[in-house]
Amino acid sequence: MAAQPRSASATPARSKTGVRTAQRGTTPKNKRSAKAPSMVDDATLLEFYTQMMHIRRFEERAARAYTQALIGGYCHLNLGEEAAIVGLLKALKKTDYLFTNYREHGYAITRGIHPNRVMAELYGRVDGVSKGWGGSMHMFDLTARLLGGYGIVGGQLPLATGAGLAIDYRDSDEVVMVTMGDGTTNIGAFHESLNIAALWNLPVVYVIINNKLGMGTSVDKSSAEPELYKRASSYRMASAEVDGSDPTAVFDATTTAVASARERKPFLLEVHTERLKGHSVVDPAKYRSAEENEELKENDPVLTFARRLLDDGVLDADTKKKIDQEAATMASDAAAFAEKSPFPEVSTLFDYTYATPVPNDSRRLPGQPLFEPLPIPTGAAR
Amino acid sequence: MAAQPRSASATPARSKTGVRTAQRGTTPKNKRSAKAPSMVDDATLLEFYTQMMHIRRFEERAARAYTQALIGGYCHLNLGEEAAIVGLLKALKKTDYLFTNYREHGYAITRGIHPNRVMAELYGRVDGVSKGWGGSMHMFDLTARLLGGYGIVGGQLPLATGAGLAIDYRDSDEVVMVTMGDGTTNIGAFHESLNIAALWNLPVVYVIINNKLGMGTSVDKSSAEPELYKRASSYRMASAEVDGSDPTAVFDATTTAVASARERKPFLLEVHTERLKGHSVVDPAKYRSAEENEELKENDPVLTFARRLLDDGVLDADTKKKIDQEAATMASDAAAFAEKSPFPEVSTLFDYTYATPVPNDSRRLPGQPLFEPLPIPTGAAR
Amino acid sequence: MSIITYRQALHDTLRAEMLRDEKVFAIGEEIGIFEGSYKITAGLLKEFGPKRVRDTPIAEEGFTGAAIGAAMLGLRPVVEIMTINFSLLALDQIVNAAAKIYGMFGGQSKVPMVIRTPGGGGQQLGATHSQNIELYYAFVPGLKVVAPSTPADAKALLLAAIRDDDPVLFLENLALYNTKGEVPDDDTPAQIGKAAVARPGKDLTLIGYSRTAYEAREVAQRLAESDGLDIEVIDLRSLRPLDRPTIVESVKKTHAAVVLEDDWLTYGVGAEIAATISDGAFDYLDAPVRRVAMAEVPLPYSKPLETAALPSEDDIIAAIRQTLDAVGRRR
Amino acid sequence: MSIITYRQALHDTLRAEMLRDEKVFAIGEEIGIFEGSYKITAGLLKEFGPKRVRDTPIAEEGFTGAAIGAAMLGLRPVVEIMTINFSLLALDQIVNAAAKIYGMFGGQSKVPMVIRTPGGGGQQLGATHSQNIELYYAFVPGLKVVAPSTPADAKALLLAAIRDDDPVLFLENLALYNTKGEVPDDDTPAQIGKAAVARPGKDLTLIGYSRTAYEAREVAQRLAESDGLDIEVIDLRSLRPLDRPTIVESVKKTHAAVVLEDDWLTYGVGAEIAATISDGAFDYLDAPVRRVAMAEVPLPYSKPLETAALPSEDDIIAAIRQTLDAVGRRR
Ligand SMILES: Cc1ncc(C[n+]2csc(CCOP(=O)(O)OP(=O)(O)O)c2C)c(N)n1
Ligand SMILES: Cc1ncc(C[n+]2csc(CCOP(=O)(O)OP(=O)(O)O)c2C)c(N)n1
Ligand SMILES: [Mg+2]
Ligand SMILES: [Mg+2]
């Protein structure tokens, strides 16, 4: 495997080709370009595996904490999407922006936010990445330029489009990446956002994580055009699809997409993944057959990628053991940290309604009266 | 010109071809199919001209009444869209359903609602098609199966989709036609509606009246894919575009579209028209150049079509005079009727909040207290 | 008469109405294969098939609007919006189409449909998933808004809503789905627009709807036992129309009122109840009407913060005691 | 100091702020080439170019959300939503993004933006285009909602809104655009969250905001001349936060209140005002707080029906007289 510097893969020329190809919307070409011999070196491959294993162990730990009632609310996991996440984020610069949805733990830690702070957020503690105010669905970190996970399906799309607008307004050269699920392509915000981005030439990469299901509803039952990346044609937007079980393929396709966006050509990238478990931790996924689940296990992207690296001699058993062990430690350390972190003080309840203090803001606890009881006025008092 | 029975033009075979053509989204083919020698007979051509002239005179009369403050609110006219309207509606059966937007007077009268009742609605009188409750933007008539003009851009699209759902639910064979403007293709409801209709194979024809402008914003400034009919591809929906200044071309294209919908293949039809005046009666359209306005005058579809019929010997000067005269009379009769029609009784103000009488409905006029003033109770009374 | 959960009552009633009337069908996200986020529609896809139980794309505006259009043609859709938070995306269709079509066209087209959706809070779902925005519907003429607090009312009001010829927003509540209660076997629909005196009393009127009406009954019972207080509980049941006479009559008798709501206090549903009482029972009221509501913040995820922001039983009891104090000081 | 229209004050202030701060830009439908449906942005496209004055597709949710995202990155968008009716399509972005982002992420991102939009009614625009739904915003913690009734406040509040670091819903009114008044030359922003005593008086407190505050001043003047009545007029100016102290202090002095609103009475903005007064001034109030509001119907197009459904000056005067009667009967 050619060990080429990653930067080289983002030359305008290459990306332009990618774009033109995609714009013709000819699937095979896109597929080929995505599957073309990758330019990532062995170190990067190991980095991918390490990050994937971190996501895997983190999510497994989160699931356990949830069943122990240490985590509340909804909890959506990235199990099965590890390869997609690491490939996507590797193609971004530190200065680029990321918007995601409620299925985001893996994005947060891969983007470089310390797992302790992500787990603490799940536990609702002050050391959480959103100080405990957001929880699983709402992680935000300015330094990592993760501008939020959002719980309303499609809600992140107009916001990311606007971030692209701000970048363009300032003539700076960051790129915005925003991820969404397959089911999200059927909501109005998808249409309005992509049209605006294409119309105004905004530096945004729209990523569809196609895990084939909404909650229990399959793509063909929700999207009249199930080849989702093709929907870019309604906006004359470049697009491509890629196998999300292969981090290098995802990285290559994303590199093309990001380069395109950086040249003010927004891009729609569809990443084919699998959701290994239920929609959220509480979903037993009864709607799936035993065979299906068997298949999923067999094609588990983390195991598959590990096998590949072992076969290619990029990874040896010892190193793998070390990495896996290190990932397990990361996860249990994160849980330990989270459990030790204190809950936010109730006295802070009214600190985040407004960024600018404002007179007459209602800072009333449910038990408090609107007006303190007064002495009954005497006739004179009137 | 071959005088063929209209029905022949709607054979499954022909429509299927039309659909397949469109589905490949190859513009020229669609254009050709739309421009193919029409199968309408001379009687129909005269009917088209007559209806077009009726719309023209009706709208001119409405504009005058508006400037005389006999009509209030917003008033959007169909001037320039006459050919499109008559071609579209001719392809519908009496039993088919029509949803439109706020630019609808021409649809109402062409669909067979008496012009008197349409004008009376504009005047806000009891004999109005919506009893004076709707006004210019909100015409509704059950017998004509005009299921409403709607003022919220895109609001009519989910409703029409649902009407298609009801038809499919009952296994009956009506078709729903819904019209929208070019600017309306950029709103979320467009995307959600077309996806649902295609997904569920609903008998709906979505018609884009592309008059090249929103209010003052041109298509290229609002739609990243300015060839609007191509947006059907995001839903694997059949589509076509047609020259809206030629009623026969519109009729032919619509016949194909309606036949497709009747076979549960929803269709997107783009009709290219011109808006001769401002967005609404009050808009001076300053954003248009004198040249533009000149051009518009020259290509006025009503005059162009009249010239064509005269040249082809379908229409002679006397007949034209008779038709024009008759249209002028229709318009002034409508105005006279409307002016004589009484206003609704204020006593009916609370009659249409609910279809089913309900206890405790608030039927309070602004001047009335919530509770009738009571005698001050004596201590005993307590 | 049988004792079942609020969830079961909804499921059984929806099923019975679908069996009774071909025109009734269910439509919404994940109600079929997934059997509903909160399982109200469990089993219905198997029994009625995809035409009567329609899974939709994630497109609240589109499928709610489609249900409105289907209702215009005479069907009787029962829409499920997964939680009331997501209904914001369908609000234009509900307010500008469903609520307007009958009046705006001069009474030519009815819109016989039901929109079922749960409110909630207290489940650590965070700021965007824990809102109680029934106010947005209760405010709109042309809509009817009902909010059952018991399994029996869940049945009686759902029957009424499905058989009503107007659009009805049917408010459910996540915290009530597992509550149990007696449900009569007969199919008598409730009368929309009527409140119920859930517990007669003379010392103070405690008013609630949906979850807070359940709370109100619990608290009244508890205070009867602990303090021998005789509290009258009013379950609004219908937010639009609002049964002002029942509310005012009660306060004319008790001379004091506390209103419970799960939304934000300022401009919340309770504001209208308090204003109504202060007007209609002006000369009978011996203390200000007290409102117990959420703290006015984006609801935090973290448990202690969320708990602090939501009204507790102790908050309600404190409000009642303080109100009775205030009454005492004026008598 | 100069006498200009409400429209002119908005235009001049927006222009001045765009000149003052590069980060301020205008975005909305038809605000550029078309110069705005109500011409507030007339001339700005020519002066500032398409980057600072951005015409959008018809996509309220999309461009409002985009403005929110741009504000997260530090720009200061001033969004125009053509009329408040259309804001329903952007409501999810405003309620679930703009109002939540600061709190939901623990105070990490500000959303400094303004959404300008006119309410109205009385223009025969029909049921879907004549609604006054400021309630939907005033109800939401995280949003600030201001509603100027004079050209001077239009300037002072728009200055405050644009310079505020929180999302501000700026309510305008179709009927006020052409009204004139004195506007100071200096650039002193108003303080959001403060009401104004627009006219001091002792006989009764008349409360309004936006158009109804204008009405209130007119009526007070007229009754001073005709009946020698001394009415105190309160212009709320800010619906969220709501300046309860100013309202309550006034009523403690006058012992009577009438609230004017252009929305529907039940659950409308006036309900909170009435509830607030009835609570905070409980022992001072000599008659029930009277609300004057729209009839609760989908507003008809036909002029006589529309006129009957909307509050008139006579309705207000009748309400004031009846309230003073009621006071008299209790003194
Ligand atoms: C507007 C809205 N509607 C419904 C929901 C409930 N919901 C949460 S996730 C989800 C499925 C989303 O599927 P997809 O877009 O494929 O993303 P995935 O969860 O598969 O990653 C739904 C319906 C929501 N959060 N927001
Ligand atoms: C949701 C919504 N946004 C804005 C408006 C205001 N508005 C009315 S018509 C119109 C332009 C529509 O353009 P197009 O779709 O091309 O239809 P046309 O008027 O040209 O026939 C706009 C922006 C509206 N009525 N509804
Ligand atoms: Mg999915
Ligand atoms: Mg147009």
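By convention in this document, chain letters (A, B, ...) are assigned in the order of the sequence lines, proteins followed by strands, and residues within each chain are numbered from 1.
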(message) Looking at chain B, which one of D:Leu89, D:Ile33, D:Leu305, D:Thr307 has the largest number of heavy-atom pairs inside 4.5 Å, strictly under?
(response) D:Leu305
(request) Quick one: which of D:Ala326, D:Ala59, D:Pro304 has the most heavy-atom pairs under 4.5 Å with chain B, could you say? (result) D:Pro304
(message) Under a 4.5 Å cutoff for heavy-atom pairs, which residue among B:Gly183, B:Pro344, B:Pro373 has the most contacts with chain D?
(response) B:Pro344
(request) Please indicate whether B:Lys286 has more than 12 foreign heavy atoms, meaning atoms of other residues, nucleotides or ligands, lying under 6.0 Å from its NZ. (result) no
(message) Quick check for you: among D:Ser130, D:Ala293, D:Gly126, which has the greatest number of heavy-atom pairs under 4.5 Å with chain B?
(response) D:Ala293
(request) Determine the option with the most heavy-atom pairs under 4.5 angstrom with chain B, choosing from D:Glu30, D:Gln124, D:Gln123. (result) D:Glu30
(request) Quick one: pull up OH in D:Tyr301 and CD in B:Glu121 and give me the separation to the nearest 0.5 Å. (result) 8.0 Å
(message) With rounding to the nearest 0.5 angstrom, report the NZ to CZ distance, D:Lys303 to B:Arg125.
(response) 13.5 Å
(message) Heavy-atom pairs under 4.5 Å with chain D: which of B:His138, B:Gln368, B:Arg364 has the most?
(response) B:Arg364
(request) Show the numbers, then the answer: is there a side chain to side chain contact (heavy atoms under 4.5 Å, CB included) between B:Ile152 and D:His129? (result) CA-CA 8 Å; B:Ile152 304 294; D:His129 281 53; 3.9 Å; yes
(request) Measure the shortest side-chain to side-chain distance between D:Leu125 and B:Tyr74 over non-hydrogen atoms and say whether it is less than 4.5 angstrom. (result) yes
(request) Using the side chain to side chain contact (heavy atoms under 4.5 Å, CB included) rule, take D:Phe34 and B:Asp283 through it: C-alpha gap first, then chi angles, then the decisive distance, then the call. (result) CA-CA 9 Å; D:Phe34 195 80; B:Asp283 170 23; 3.5 Å; yes
(request) Give a yes or no on whether the backbone of B:Gly124 and the side-chain of D:Ser302 come within a donor-acceptor separation of less than 3.5 Å. (result) yes
(request) Please answer whether the main-chain N or O of D:Glu35 pairs with a side-chain N or O of B:Tyr287 as donor and acceptor at a distance below 3.5 Å. (result) no
(request) Indicate yes or no: at least one non-hydrogen side-chain atom of D:Phe86 is less than 4.5 angstrom from one of B:Val153. (result) no
(message) Tell me which of these, B:Gly151, B:Ser223, B:Ser136, has more heavy-atom pairs under 4.5 Å with chain D than the rest.
(response) B:Gly151
(message) Please check if the number of heavy atoms outside B:Glu345 that lie under 6.0 Å from its CD is greater than 12.
(response) no
(message) In the structure I gave you, are the side-chain heavy atoms of D:Ser37 and B:Met215 within less than 4.5 Å of one another anywhere?
(response) yes
(message) Between B:Asn186 and D:Ile58, is there a side-chain heavy-atom distance shorter than 4.5 Å?
(response) no
(request) Give, as side chain, backbone, both or neither, the part of B:Ile71 having an atom under 4.5 angstrom from any heavy atom of chain D. (result) both
(message) Side chains of D:Asp55 and B:Lys221, heavy atoms from C-beta outward: is any pair under 4.5 Å?
(response) no
(request) Sort D:Leu265 into side chain, backbone, both or neither according to what part of it lies under 4.5 angstrom from a heavy atom of chain B. (result) side chain
(message) I need the minimum non-hydrogen distance between B:Gly367 and D:Asp315, along with the two atoms involved.
(response) CA-OD1, 3.4 Å
(request) Would you check if B:Thr353 and D:Glu296 make a side-chain contact, meaning some heavy-atom pair closer than 4.5 Å? (result) no
(request) Side chain from CB out, backbone as N, CA, C, O: work out which of these in B:Leu122 comes under 4.5 Å of a heavy atom of chain D, or both, or neither. (result) backbone
(message) Return the CG to CG distance between B:Leu349 and D:Leu299, rounded to the nearest 0.5 Å.
(response) 8.5 Å
(request) Could you tell me which of B:Gly128, B:Gly132, B:Ser130 has the largest number of non-hydrogen atom pairs under 4.5 Å with chain D? (result) B:Gly132
(message) I'd like to check B:Tyr352 versus D:Val297 (side-chain heavy atoms, cut-off strictly below 4.5 Å). Are they in contact?
(response) no
(message) Under a 4.5 Å cutoff for heavy-atom pairs, which residue among D:Arg330, D:Glu29, D:Glu306 has the most contacts with chain B?
(response) D:Arg330
(request) Report, as yes or no, whether the 6.0 Å neighbourhood of atom CD on B:Glu295 holds more than 12 heavy atoms from other residues, nucleotides or ligands. (result) no
(request) Let me know if D:Arg329 has heavy atoms under 4.5 Å from chain B in its side chain, its backbone, both or neither. (result) both
(request) Provide the closest heavy-atom pair for B:Pro366 versus D:Ala308 in the form atom of the first, atom of the second, distance. (result) CD-O, 3.2 Å
(request) Return the option, out of D:Pro311, D:Pro298, D:Pro300, D:Ala318, with the maximum number of heavy-atom pairs under 4.5 Å with chain B. (result) D:Pro300
